[in-house]
Amino acid sequence: MYEIKTMNNIARQGLNVLAAKGFLVNNESADPAGLLLRSAKIHDMEFNKNLVAIARAGVGTDNVPTDRCTEEGIAVFNTAGANAQAVVELAICSLVLASRDLVEGVIWAKGLAGHPDVTAEVEAGKKAFVGPEIMGKTLGVIGLGAIGAQIANTAANLGMTVWGYDPYLSVEAAWRLSSDVKHAEDLATIYRESDYVLIQVHHNESTHHMLDAKAFSQMKDGVRVINLARGGLVDSDAILAALASGKVARYVTDFPDDKVIGAKGVVAFPHLGASTPESEDKCAIMAAQELADYLLDGNVHNSVNLPELKLERAGACRVCIIHDNIPRMLNSFLDLIGEENINVEHMQNKAKGSVAYTVIDLGSNISEELALKLAAVPNVKRLRVL
């Protein structure tokens, strides 16, 4: 029986998935095969030797030491797409909030409590909070993954002209895009054409401060910027300067920091993107299914450090190997198996950058000695026999 350790409160629906498959789930296990978490930061956590998988019920994995996990042969999963609807709805809300000063208007209206003639004051004061409609305006979406593509499609349905930019657009994502979404070949097109710029990409070294002073200088005067992805994507000093100069009319963010919080022209949410009960349920269920499928059958779906791989089981046992993506690794595995006169029923090998993952179904069970020989092949990070 595999043990799963929860690092945060996880929606009951996800825990039920694991329990139904025979996993023992708790928050105290000293030797878990898998970790299930949301926002818990585990960079300093020492992993037990039997830990083989970590699943985050959410998209970002900044709280997980992914590089270290890869070196130790630990698969890391996220739940890309599970919270898409919640973020898309917040994005549409953000477009309106970026246009019309509704937040300040609500605060101002509340301040009229007790006024002798509220109706007259409202009519006299409303002009301070007016703003444009989004219909007929141009939205530029940077990042067309599961969430970005859905935002682009929804905005197009609302009558906006939509440009999308994503140099890593997958075939699957391209199929999801509406034909009404225009393809931008570079960021300069997004900046030049857009009345609203929405960034929806992962935060890493290459995207840190992607929207900086240089980017803002290429945008229209009075552009409205939306960031519901990660705070580090936008240079806080640069956005404040752009707001002060009028280059940016309003900045809506789900990731405020001590610089932008409370600044004029900023609408800040307390990281509400996926904060719906439906989203939390869907993320928990998806994370649980990913863990179960990997632990029981070695299949990989939505991993951030291993390639996508799904193989129907055949034969008596399955060997799963995480290894460096270098030549002749398969030959080494097959030579050792062949020396034991064991048939390979079928197999699959996929790579993701410098890491490869091989699944081999064999016609008979293998000895512990053979398993140790396979695990000892140079550049193997982890071997499991299922």
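Just so you know, these numbers come straight off a predicted model, no measurement behind them.
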Using a 6.0 Å cut-off, check whether atom [atom1] of [X] has over 12 heavy atoms from anything other than its own residue.
X	atom1	result
Asn26	CG	yes
Arg12	CZ	no
Glu133	CD	no

Is [X] salt-bridged to [Y], cutoff N-O under 4.0 Å?
X	Y	value
Asp361	Arg313	no
Lys282	Glu278	no
Arg224	Asp195	no
Glu71	Lys381	yes

Is the backbone of [Y] close enough, under 3.5 Å, to the side chain of [X] for a donor and an acceptor to pair up by distance?
X	Y	result
Asn48	Pro32	yes
Asp254	His271	yes
Asn63	Ala40	yes
His115	Ala120	no
Asn8	Ser39	yes
Asn153	Ser178	yes
Asn299	Leu311	yes
Arg38	Ala284	no
Asn83	Ala274	no
Asn325	Gly353	yes

Could you please spell out the steps behind the side chain to side chain contact (heavy atoms under 4.5 Å, CB included) verdict for Thr61 and His202?
CA-CA 9 Å; Thr61 53; His202 292 293; over 6 Å; no
Under the 4.5 Å side-chain heavy-atom rule for ILVMFWY, direct or indirect, which residues accompany [X]?
X	answer
Val122	Trp108, Leu112, Val118, Phe129
Val201	Ile142, Trp163, Tyr165, Leu187, Ile190, Tyr191, Val197, Ile199, Met210, Leu211, Phe216, Met219, Val223, Val225, Leu233, Val234, Ile239, Leu240, Leu243, Val248, Tyr251, Val260, Val266
Leu51	Met7, Leu35, Leu37, Ile42, Met45, Phe47, Ile54, Val64, Ile74, Val76, Val304

Practice item. Please report the C-alpha distance between Leu177 and His183 in whole Å, then the side-chain angles of each, then the deciding distance to 0.1 Å, and finally whether the side chain to side chain contact (heavy atoms under 4.5 Å, CB included) criterion is met. Key: CA-CA 10 Å; Leu177 272 178; His183 170 63; over 6 Å; no
Fill in: Distance-only donor-acceptor check, side chains Gln150 and Gln85, under 3.5 Å
yes
- Looking only at side chains, do Thr189 and Asp186 share a donor and an acceptor under 3.5 Å apart? yes
Shortest non-hydrogen contact from [X] to [Y]?
X	Y	answer
Ile360	Ile337	CD1-CD1, 4.0 Å
Ala91	Leu198	CB-CD1, 4.0 Å
Val59	Arg56	N-NH1, 3.1 Å
Tyr294	Ala53	CD2-CB, 3.8 Å
Gly164	Val181	N-CG1, 4.0 Å
Ala287	Ala55	O-CB, 3.8 Å

Hydrophobic cluster identity match, [X] and [Y], side-chain contacts under 4.5 Å:
X	Y	value
Leu24	Leu295	no
Val52	Val319	no
Val17	Tyr2	no
Leu169	Val162	yes
Leu334	Ile322	no

Side chain proximity check, [X] to [Y], heavy atoms < 4.5 angstrom:
X	Y	result
Thr79	Asn302	no
Leu386	Leu296	no
His301	Glu308	yes
Met347	Thr358	yes
Val359	Cys320	yes
His208	His203	yes
Asn305	Lys352	no
Asp297	Arg318	yes

For the [atom1] atom of [X] and the [atom2] atom of [Y], what is their distance to the nearest 0.5 Å?
X	Y	atom1	atom2	value
Ser94	Phe269	OG	CZ	4.0 Å
Arg230	Gln200	CZ	CD	9.5 Å
Leu374	Leu336	CG	CG	5.5 Å
Met160	Tyr196	CE	OH	5.5 Å
Arg250	Ser99	CZ	OG	8.0 Å
Leu90	Leu228	CG	CG	5.0 Å

Would Met329 and Asp324 count as a side chain to side chain contact (heavy atoms under 4.5 Å, CB included) if you check the C-alpha gap in whole Å, the side-chain angles of each, and the deciding distance to 0.1 Å?
CA-CA 8 Å; Met329 292 298 293; Asp324 288 334; 5.8 Å; no
Worked check of side chain to side chain donor-acceptor pair (under 3.5 Å) between Thr207 and Asn204: CA-CA 5 Å; Thr207 60; Asn204 51 45; 3.3 Å; yes
Legend entry - Step-by-step side chain to side chain contact (heavy atoms under 4.5 Å, CB included) determination, His323 to Phe333: CA-CA 11 Å; His323 55 91; Phe333 304 146; 3.7 Å; yes
